Asks: 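Before we start, here is the structure in question, set down as structure tokens.
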Amino acid sequence: MDMHIVLSVLAEMRRFRQRDHWTRQQLESYQADGLRSLRDYTYAHSPFYQQFHQGLTDAPLQELPVLTKATMMEHFDDLVTDRAIRLEEVKAHMRALTGDERFLGRYWVNATSGSSGHPGIFLFNRAEWITVLGSFARAREWGGVKLDLTHRVKTATVASTSAFHMSTRVNATAHSWWMPEIRLAASEPLESIIQQLNAWQPEVLIAYASMARILADEQLAGRLFNQYAATECGSLAAECEHHRGMHLMEDLMIFEVVDQDNRPVPPGVYGDKLLITVLGSRTQPLIRYELSDSVRLWPDPCPSGHSFRLVDDIQGRVEDVLSFPGVAGGVVNVHPLVFSRIMDTLPVSGWQVIQEADSLHVLLSGVHGEFGDEMLADSLQHALREQGAIVPRVEVQRVDSIPKTAAGKAPLIKSNLRQAGIQSSGTRDSRKV
Ligand SMILES: [Zn+2]
């Protein structure tokens, strides 16, 4: 553990704390200055944005085009502001990643889940990475967990264990006497996760939102508070002690809740997307970057007096937790990772797992390698058996393309059972802490 990083994160948190009590006016003036310097830097150093915002360099933020993950990845080498960064070399670095290594000795690399076939890749320089770490620490602090050099926080993380996922990367930097932690794979059987958590007795539990929901069902999560995080920028929002929703970290980002056509949606109404402008992003500037999360702004202020606006919990994420009857009775909730760790190894361009009343229906598109459908069905059944579920019939079907929903999404996992009591929630990089 690099002690300099710890001290820098603590210094960053002191800066954050000062802003926590800003008035709305102070906040907005800070955002305006931050946006101007982000745009000036970006236009000077990113060939992509010079084109993308051509003729709009002085236009209001709301008139700029929206940046999707696909566009960002397609123009990656021109979008970043350091001409030494090449996507192919970043990918090679990711394949070799085991711990806290940096690309070119100076960039921390994070990627979103590759299970959709198109991972987003994000680079952070030292200052940017300290802001990411600080944002997670701040989320914990808002939730009542004081983080400083005199208080060690015993943490447990239940998440993906891939080296380039943000939860792993944050941990690789932060792991120390300061945050003693165990890490458990969300794809492990629930029974074993619970045994290990009981033995460790963490003060803080970090998990995918869907996994946290499952654990809450198991009566383990009495002290959980909510945090909303994304690989693109770290923590975006977190609950304070009043639990009225999550406060957006508006000193770090400008948020726009919009509909399908990128028009603003008023407080009290769920948007289709959230656009974020990350004020501190310099290596890989994110201006009006699209997150497919549906959030709702809370119209009322929080009793805490924070001027950071509140959002509801996040809706409409892409993956479902499926519930199956358990061998030992009751219901077994199965995390999406149980499926994706099998499905992601297949030579296919798309897949979808659909739960029907008496079976599991698996769709595969763009198959470009040899494997047996029988063997796939066996692996899925084996994985479900390990979770303690009564194993359903599995039907594998090869299709031309995965059907999209009306909203244009192709969820990896969905349930056609909508009986009362079955909860679904997402795993997009949101988590409960
Ligand atoms: Zn509050």
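In listed order, ligands and their atoms are each counted from 1. These numbers come from a predicted model, not from an experiment.
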Asks: Before giving the answer on side chain to side chain contact (heavy atoms under 4.5 Å, CB included), spell out for F308 and L252 the whole-Å C-alpha distance, their side-chain angles and the decisive distance to 0.1 Å.
Replies: CA-CA 11 Å; F308 297 142; L252 305 183; over 6 Å; no
Asks: Of R309, R15, R138, which meets salt bridge (Lys or Arg N to Asp or Glu O under 4.0 Å) against D251?
Replies: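 Considering R309, R15, R138, a salt bridge (Lys or Arg N to Asp or Glu O under 4.0 Å) with D251 is found only for R138.
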Asks: Please work out the angle at the Zn ion (ligand 1) defined by atom SG of C240 on one side and atom NE2 of H247 on the other, rounded to 10°.
Replies: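 Once rounded, the angle between the two atoms at the Zn ion (ligand 1) is 120°.
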Asks: Please determine if the Zn ion (ligand 1) has an N/O/S atom from H306 lying under 2.8 Å away.
Replies: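 Coordinating: no.
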Asks: Less than 4.5 Å apart, any side-chain heavy atom of K273 and any of S294?
Replies: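 No; the side chains remain at least 4.5 Å from each other.
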Asks: Going by atom types alone, do E128 and T283 pair a side-chain donor with an acceptor below 3.5 Å?
Replies: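 A pair is found: one side chain offers a donor N or O, the other an acceptor, under 3.5 Å apart.
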Asks: Could you tell me whether the Zn ion (ligand 1) has an N, O or S atom of C302 under 2.8 Å away?
Replies: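 Of the N, O and S atoms in C302, at least one lies under 2.8 Å from the Zn ion (ligand 1), which means yes.
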